[in-house]
Amino acid sequence: MLPAKRRAATEAEAAALASGIRLRIIRLTFSEALTNKELAQRLGRDPATTLHHVRKLVETGFLAAQPPRRGARGAREIPYLSTGLSWTLDSCGDKGVEQAVLEAYLAEIAETGFEGVHQSRLVVQVAPEERAELETRLNALLEEFRARPRRPGAERTAVYLATYPST
């Protein structure tokens, strides 16, 4: 399977992604539509602050409003679902986005605790053209799993992957 074609993020898209909290909102709404109130509860944030981030993600195409539904007290609530746009973008080394990715990862690990985390770290020695091949193949593997149909009862699994020069 060929990896999905990526395009460079626009300035507005990169700015929207340069927030750890927004990246977490995108992840939380990947397979389940959530309201602003539900997102605020899961993130331990104020609903007004969360709404600001939700609106920015809707405005830039990362979230889509779903049909309104009635909440527990009969209030009209709008759930949001990730569009998957973030997976098709290349942040082109935008430092704000890169920092936000790490921030989101660390916040999610802090919530999860290390009991459920499986980590490995290694250093490989590769020529520059081999490094490009390594990154391409890793991305292709991630794309293969991302593209699989969603199955009821399947466990959501987050993956954080970084390659960097080892000194």
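This one's a predicted model, so the numbers in the text were calculated from it and none came from an experiment.
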J.: Would Leu34 and Tyr80 count as a side chain to side chain contact (heavy atoms under 4.5 Å, CB included) here? Give the steps.
T.: CA-CA 5 Å; Leu34 298 171; Tyr80 298 91; over 6 Å; no

J.: Does a side-chain N-to-carboxylate-O contact under 4.0 Å join Glu144 and Arg148?
T.: yes

J.: Are Lys95 and Glu98 within salt-bridge range, i.e. N to O under 4.0 Å?
T.: no

J.: Any donor-acceptor pair under 3.5 Å linking the side chain of Glu13 with the backbone of Thr10?
T.: yes

J.: Could you name each residue pair satisfying ring-ring contact (aromatic ring centres under 6.0 Å, His included) that touches residues 138-167, not counting sequence neighbours?
T.: Tyr105-Tyr160

J.: Checking Leu28 against Leu43 for the side chain to side chain contact (heavy atoms under 4.5 Å, CB included) test, could you report, in this order, the C-alpha distance in whole Å, the side-chain angles of both residues, the deciding distance, and whether it holds?
T.: CA-CA 9 Å; Leu28 285 169; Leu43 296 167; 3.7 Å; yes

J.: Between Glu38 and Thr35 (side chain of the first, backbone of the second, donor and acceptor by atom type, cut-off under 3.5 Å), is there such a pair?
T.: yes

J.: Please round to the nearest 0.5 Å and tell me the distance separating atom CG of Leu57 and atom CZ of Arg22.
T.: 6.0 Å

J.: Taking the six-membered ring of Phe30, is the NZ or CZ of Arg150 close enough (under 6.0 Å from the centre) and on axis enough (within 45°)?
T.: yes

J.: Checking Trp87 against Glu143 for the side chain to side chain contact (heavy atoms under 4.5 Å, CB included) test, could you report, in this order, the C-alpha distance in whole Å, the side-chain angles of both residues, the deciding distance, and whether it holds?
T.: CA-CA 9 Å; Trp87 187 252; Glu143 172 60 24; 2.2 Å; yes

J.: Is the closest side-chain donor-acceptor distance between Thr163 and Glu135 under 3.5 Å?
T.: yes

J.: Please say yes or no: joined through hydrophobic side-chain contacts below 4.5 Å, possibly via intermediate residues, are Leu51 and Leu39 part of one cluster?
T.: no

J.: Can I get a per-line list of side-chain donor-acceptor pairs under 3.5 Å for residues 111-128, giving both atom names and the distance, sequence neighbours left out?
T.:
from, atom 1, to, atom 2, distance (Å)
Glu111, OE1, Arg24, NH2, 3.1
Glu111, OE2, Arg24, NH2, 2.2
Thr112, OG1, Glu108, O, 2.9

J.: Are Glu77 and Asn36 close enough that some pair of their side-chain heavy atoms sits under 4.5 Å apart?
T.: no

J.: Pairing donors with acceptors under 3.5 angstrom, does anything connect the side chains of Arg156 and Ser31?
T.: yes

